[in-house]
There are 2 protein chains.
Amino acid sequence: MRDVASTDRNAVPARTGCESCGLWRVCFPGLVASAAEQRLNGMRLRRIRVPGGKTLYRSGDRVESFYMIRSGCIKELDDSHSRDGAVINFALPGEMLSLQCLGPAVSNTRTVAVEASSLCVVPWDAFSELGTRSPQVAAEFVRLIARSGLAARELLTLIRDREAIERVSGFLLNVSARLQSRGVRGREFRLAMNRDDIANYLGLRSETVSRCFTELARRNLIRVRAKRVQILNSPELRKVSLNA
Amino acid sequence: MRDVASTDRNAVPARTGCESCGLWRVCFPGLVASAAEQRLNGMRLRRIRVPGGKTLYRSGDRVESFYMIRSGCIKELDDSHSRDGAVINFALPGEMLSLQCLGPAVSNTRTVAVEASSLCVVPWDAFSELGTRSPQVAAEFVRLIARSGLAARELLTLIRDREAIERVSGFLLNVSARLQSRGVRGREFRLAMNRDDIANYLGLRSETVSRCFTELARRNLIRVRAKRVQILNSPELRKVSLNA
DNA sequence: CGTTGAGTTGATGGAACTCAAATAGCGTGG
DNA sequence: CCACGCTATTTGAGTTCCATCAACTCAACG
């Protein structure tokens, strides 16, 4: 139950095991509670592979499962205002999708694979049953759902009242920290998304994002070559992101 | 259990009853389930009054209760980046506070009364107990918590990639709709917050907010005099807010 | 009637957008 | 392996929008 056969052509961001997965703390109490039938197998765990550019689910769809990113990158889009969708969040390896749908059950976002991605799929009812048996698990749920709403708030403070270079610096540090916390090297990584997606996410234009990358490289804070990014001076980069 | 003695000097936005309160759908199943001890009285419901400018709770505080706004206006501030706090949300009459804290229990926002406000205070444990007894109530909880994260997302789409006049128009429509949905007249109302708070919320400067008000008034879409706002042409105002 | 604070209006500069052109990556097929 | 073509990205020049700073209005209040 650890690794899956890989069919990747290009270098894909690291594959993560269950320990680094956001659901681990939910699974764990369940597994402790009763070893046999609450194993991952018993929960009808599935793995799926989504090709880059393909839609996972749409706004309005009834979503009945959690999704955990194992590799790749999924973007969540809000279609309510702009025609081609505004990026709300990039879900990175080890992170979760669709949590906020499980109250209303129907999704308010469209999710699209930024690149070929591998996901774990866990039916909601399996977990919900787990929650009714263990208040510990139920509490963990509430915590996770509450935390899932935090991404939007973080993005809000990342872009509101901040100028372009601050946003881009903050974005890089954010991605770096999230990769690091999942056990992936955060100093040097590959951005799965293109400049347009980043610009859309940060409320900028791709040209501006590009200029900021160039400027940060000129200051020797980062190194960029297309999608590959290397963070050379993260304390200084943080200062830039905080306008300090 | 309906009205409280009023000590307001100036005209304060309408006081709302339990029916228009965001918690009603949570209370209701509980009340149905067992009439006697789960009444509002049984839940140790308290009413408090917060003077304008006073802090309700701070970031880092352990929050053990829900708060429901009965009258007035409470702003939620994020202190993580700016010195004097960035406005995340304005809680209007009939709306709730501190829901997202009840997973982590410790608040990540500071809440300050924009004007003298009256609140209902309900201890979390009373509800949590209610939830363990009724899965219906528990589900309603999850729904409410998931929805509480939506405010940040809405604000995000309100300001990202939108110019000043679009933000201001969207803000007015948003406030209008929220007042209306709580049974208050939404065509003509009084903004509790000053220009600085609005500007902070929208990621603008107070001068810009002022200019936008003036411009919208010039186009005969609204009428403004200090804090009093009248919406004259909401379809057209919507067009402006959507950049259409 | 002067003071105070919120709100409005005006003038100016800078940051980011726009449009346009140049360049770099990258997959494809010779 | 290299040339080709396509797309993504970078760079440049001009324009727009908003922040800034400052002056001004207005109402409340002693």
Side-chain angles (χ1 to χ4, degrees), chain A residues 8-12 51-53 73 75 82 84 86 114-116 158-172 190-219 222-229 240-241 243, chain B residues 9-11 52-53 73 82 84 86 114-115 158-172 190-219 222-230 240-241 243:
Chain A
D8 297 338
R9 297 156 311 178
N10 10 3
V12 158
C73 176
K75 60 179 172 183
S82 54
D84 44 351
V114 168
E115 63 180 351
L158 179 61
I159 71 172
R160 184 175 55 175
D161 223 33
R162 312 203 93 75
E163 50 188 48
I165 203 164
E166 299 171 43
R167 301 185 195 188
V168 172
S169 306
F171 171 71
L172 290 176
R190 184 175 151 280
L191 290 171
M193 62 298 281
N194 62 26
R195 298 289 188 270
D196 275 312
D197 281 334
I198 299 174
N200 180 334
Y201 181 70
L202 294 176
L204 300 169
R205 300 289 138 178
S206 62
E207 295 96 322
T208 305
V209 172
S210 177
R211 279 182 241 273
C212 289
F213 278 150
T214 305
E215 173 62 16
L216 291 173
R218 195 194 61 73
R219 297 192 203 171
I222 64 172
R223 192 168 300 173
V224 205
R225 234 189 49 170
K227 291 194 178 353
R228 288 226 74 83
V229 175
V240 173
S241 82
N243 196 5
Chain B
R9 298 156 311 179
N10 8 7
C73 177
S82 54
D84 45 350
V114 169
E115 63 180 351
L158 180 61
I159 72 173
R160 184 175 54 175
D161 221 34
R162 312 203 94 75
E163 50 187 48
I165 203 163
E166 299 170 43
R167 302 185 195 189
V168 172
S169 306
F171 171 71
L172 290 176
R190 184 175 152 280
L191 290 171
M193 62 298 282
N194 62 26
R195 298 290 188 270
D196 275 311
D197 281 334
I198 299 174
N200 180 332
Y201 181 70
L202 295 176
L204 300 169
R205 300 289 138 177
S206 62
E207 294 96 324
T208 305
V209 172
S210 178
R211 278 182 240 274
C212 289
F213 278 150
T214 305
E215 172 62 16
L216 290 173
R218 196 193 61 74
R219 297 191 204 171
I222 64 171
R223 191 169 301 173
V224 204
R225 235 191 47 173
K227 290 192 176 2
R228 289 225 73 83
V229 176
Q230 195 179 156
V240 173
S241 82
N243 196 4

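Chain A is the first sequence line, chain B the second, and so forth, proteins listed ahead of strands; every chain is numbered from 1. Heavy-atom basis, side chains included; hydrogens, waters and symmetry copies ignored.
If B/Ser210 and A/Arg225 are placed on DNA chain C by their nearest nucleotide, the residue sitting closer to the 5' end is B/Ser210. Along DNA chain C, the nucleotide nearest B/Val209 and the nucleotide nearest A/Leu204 are compared for position; the residue whose nucleotide lies closer to the 5' end is B/Val209. Comparing A/Asp161 and A/Met193 along DNA chain D, the residue whose closest nucleotide (by nearest heavy atom) sits nearer the 5' end is A/Met193.
Note: CG (A/Asn243) to P (D/dA19) measures 14 Å, nearest angstrom. At whole-Å resolution of the value, CD in B/Glu163 and P in C/dC17 are 12 Å apart. The interatomic distance linking A/Leu191 (CG) with D/dT10 (P) rounds to 11 Å, in whole Å. Here the C1' atom of nucleotide C/dT8 and the CG atom of B/Leu216 are 15 Å apart, to the nearest Å. Taking atom CZ of residue B/Arg205 and atom C1' of nucleotide D/dC18, one finds them 10 Å apart after rounding to whole Å. For the pair A/Asp196 CG and C/dT18 P, the interatomic distance rounds to 12 Å; values are reported in whole Å. The distance from atom CZ of B/Arg162 to atom P of D/dC17 is 16 Å, rounded to the nearest whole Å. Residue B/Arg228 contributes atom CZ, which lies 16 Å from atom C1' of D/dA27 at whole-angstrom precision.
With distances taken from any side-chain atom of A/Glu207 to the nucleotides D/dT10, D/dA8, C/dT8, the minimum falls on D/dT10. Counting only heavy atoms from C-beta on, B/Lys227 has its side chain closest to C/dA6 among D/dC17, C/dA6, D/dT9. For A/Ala164, the side-chain atoms get nearest to C/dA16 when compared with the rest of D/dA22, D/dT10, C/dA16.
In terms of heavy atoms, B/Cys73 sits closest to B/Ala192 at CB-CB, 3.6 Å. Here the shortest heavy-atom pairing between B/Leu158 and B/Arg162 reads O-CD, 3.0 Å. The shortest heavy-atom contact between A/Met193 and A/Phe171 is SD-CZ, 4.2 Å.
In B/Arg219, the CZ atom is crowded: over 12 heavy atoms of neighbouring residues, nucleotides or ligands sit closer than 6.0 Å.
In terms of phosphate contacts, B/Thr214 brings a side-chain nitrogen or oxygen within less than 4.0 Å of OP1 or OP2 of C/dT9. For D/dC18, the OP1/OP2 oxygens have no side-chain nitrogen or oxygen of B/Arg211 closer than 4.0 Å. Taking only side-chain nitrogens and oxygens, B/Thr208 comes nearer than 4.0 Å to OP1 or OP2 of D/dA19. At the phosphate of C/dG7, neither OP1 nor OP2 sits under 4.0 Å from any side-chain N or O atom of B/Ser206.
Between B/Glu115 and B/Lys227, none of the side-chain N atoms (NZ, or NE/NH1/NH2) sits under 4.0 Å from a carboxylate O, so this pair counts as no salt bridge.
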